[in-house]
Structure formats: C-alpha cells, structure tokens
Amino acid sequence: ARAQGLPRAIASGIHTQALLARLVSDWMGDAGFLRTLDCRCRRPLYYGDLSIQRGRVLRKYEEDGKHFAVLQMEAVNQDGVVHTEAEAHVLLPAAAPFCAE
C-alpha cells in the first residue's frame, strides 16, 4: 500500500462487492434471482474502516410476465464518504407482492 502512495492497507474491491451482493440477496430473499450487479469502487476502503451498505429501489417493471426491480446501492465509510456505488437488477418471485419495497 505504501509503495502505491496509500497511507495503509486497503480492503479489495471484491470484498465491498460481496457486501453489496449480500445486501441485495437479503432484500430479495431466497426466491429472488440477482441478474446483474454493477459495482464502481470510487475510493479506497482502508482496513479498520467501517463500511455501511444501503440501497433503494430505483424502479420496478414487468416484462414477459416476470417482475423485475432495479436497485441503487452505495457503501459509505464511517465519515459518510461513499467509497462504492452499485446498481443491481433483480428478478422477483411471482408470489411476492409487487408493490412492496
């Protein structure tokens, strides 16, 4: 990390992506299906930093009789600085209430 000019070691981007994937999977439940997860690491997450993942439903739509949701998510550190942004596309189970968020 120091050789690259960073003050200390960083957590890999895949670690943050996994945390955001967990957020989506917890939200959609076992019957949902994560179609895509697009993550963009904007700033380093240093070891010892707190990372809080949060998200919101951007839109919901129906296509070919299937229900989908687009989620916008971000991960912020303990100072409230966004270090990773993400968007997920989820196939929702047919039995789930479509209007629930």
Side-chain angles (χ1 to χ4, degrees):
R2 287 193 183 107
Q4 295 179 357
L6 298 170
R8 59 188 197 274
I10 61 170
S12 69
I14 195 70
H15 172 77
T16 303
Q17 291 176 10
L19 293 173
L20 289 165
R22 175 69 186 265
L23 177 66
V24 175
S25 66
D26 286 350
W27 177 82
M28 69 185 184
D30 293 338
F33 182 78
L34 178 59
R35 293 181 69 194
T36 63
L37 178 62
D38 179 27
C39 293
R40 296 162 301 285
C41 297
R42 300 295 187 198
R43 290 182 170 64
L45 176 66
Y46 296 102
Y47 281 109
D49 282 355
L50 176 68
S51 180
I52 300 167
Q53 292 73 43
R54 56 189 179 197
R56 67 184 185 96
V57 176
L58 205 58
R59 74 182 178 104
K60 292 186 244 179
Y61 63 98
E62 188 175 339
E63 184 177 288
D64 297 328
K66 298 179 182 175
H67 296 175
F68 298 94
V70 178
L71 309 177
Q72 181 181 40
M73 298 168 298
E74 62 185 11
V76 298
N77 67 13
Q78 67 278 358
D79 299 321
V81 176
V82 175
H83 61 83
T84 306
E85 297 171 332
E87 185 174 285
H89 293 252
V90 176
L91 171 61
L92 298 171
F98 189 58
C99 61
E101 291 187 26

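Because only heavy atoms are used, hydrogens play no part in the values below, and waters and symmetry mates are left out as well, while side chains stay in.
- Contact record, Leu34 with Met28: N-CE, 3.7 Å, taken as the closest heavy-atom pair.
- For Gln17, the side-chain contact (heavy atoms from CB on, under 4.5 Å) test picks out Ile14, Cys39, with sequence neighbours left out.
- Once rounded to the nearest 0.5 Å, the distance linking CG of Leu92 with CH2 of Trp27 reads 5.0 Å.
- Among pairs with a residue in residues 1-15, those fulfilling side chain to side chain donor-acceptor pair (under 3.5 Å) read Arg8-Asp49, at least two apart in sequence or across chains.
- Sorted by first and then second residue, the salt bridge (charged side-chain N to carboxylate O under 4.0 Å, His left out) pairs with a member in residues 11-29 read Arg22-Asp26; sequence neighbours excluded.
- Through side-chain heavy atoms spaced under 4.5 Å, either directly or across other Ile, Leu, Val, Met, Phe, Trp or Tyr residues, Leu19 is tied to no other residue.
- Under the 4.5 Å side-chain contact rule for hydrophobic residues, Ile10 and Leu45 do not share a cluster.
- Among pairs with a residue in residues 63-76, those fulfilling salt bridge (charged side-chain N to carboxylate O under 4.0 Å, His left out) read Arg54-Glu74, at least two apart in sequence or across chains.
- One hydrophobic cluster, built from ILVMFWY side chains closer than 4.5 Å, cannot hold both Tyr46 and Leu20; they sit in different ones.
- The distance from the CZ atom of Phe68 to the CD atom of Glu62 is 9.5 Å, given to the nearest 0.5 Å.
- The shortest heavy-atom contact between Ser51 and His83 is OG-NE2, 3.0 Å.
- No chain of hydrophobic side-chain contacts below 4.5 Å, direct or via other Ile, Leu, Val, Met, Phe, Trp or Tyr residues, connects Tyr47 to Leu6.
- Applying the 4.5 Å side-chain rule to ILVMFWY residues, one finds Ile52, Val76, Val82 in the same cluster as Leu50.
- The side-chain heavy atoms of Leu71 and Val90, taken from C-beta on, include a pair separated by under 4.5 Å.
- A search for side chain to side chain donor-acceptor pair (under 3.5 Å) contacts involving Asp38 returns Arg40, not counting sequence neighbours.
- Legend: residues meeting side-chain contact (heavy atoms from CB on, under 4.5 Å) with Phe33, ordered by chain and number and at least two apart, are Arg35, Leu91.
- Applying the side chain to side chain donor-acceptor pair (under 3.5 Å) rule to Arg56 yields the partners Gln72; only residues at least two apart in sequence or on another chain are considered.
- Of all heavy-atom pairs between Leu23 and Gly55, the closest is CD2-N, 4.1 Å.
- Qualifying salt bridge (Lys or Arg N to Asp or Glu O under 4.0 Å) partners for Arg43, counting only residues two or more places apart in sequence or in other chains: none.
- Among residue pairs with one or both ends in residues 75-88, those qualifying as salt bridge (charged side-chain N to carboxylate O under 4.0 Å, His left out) are Arg42-Glu85; sequence neighbours excluded.
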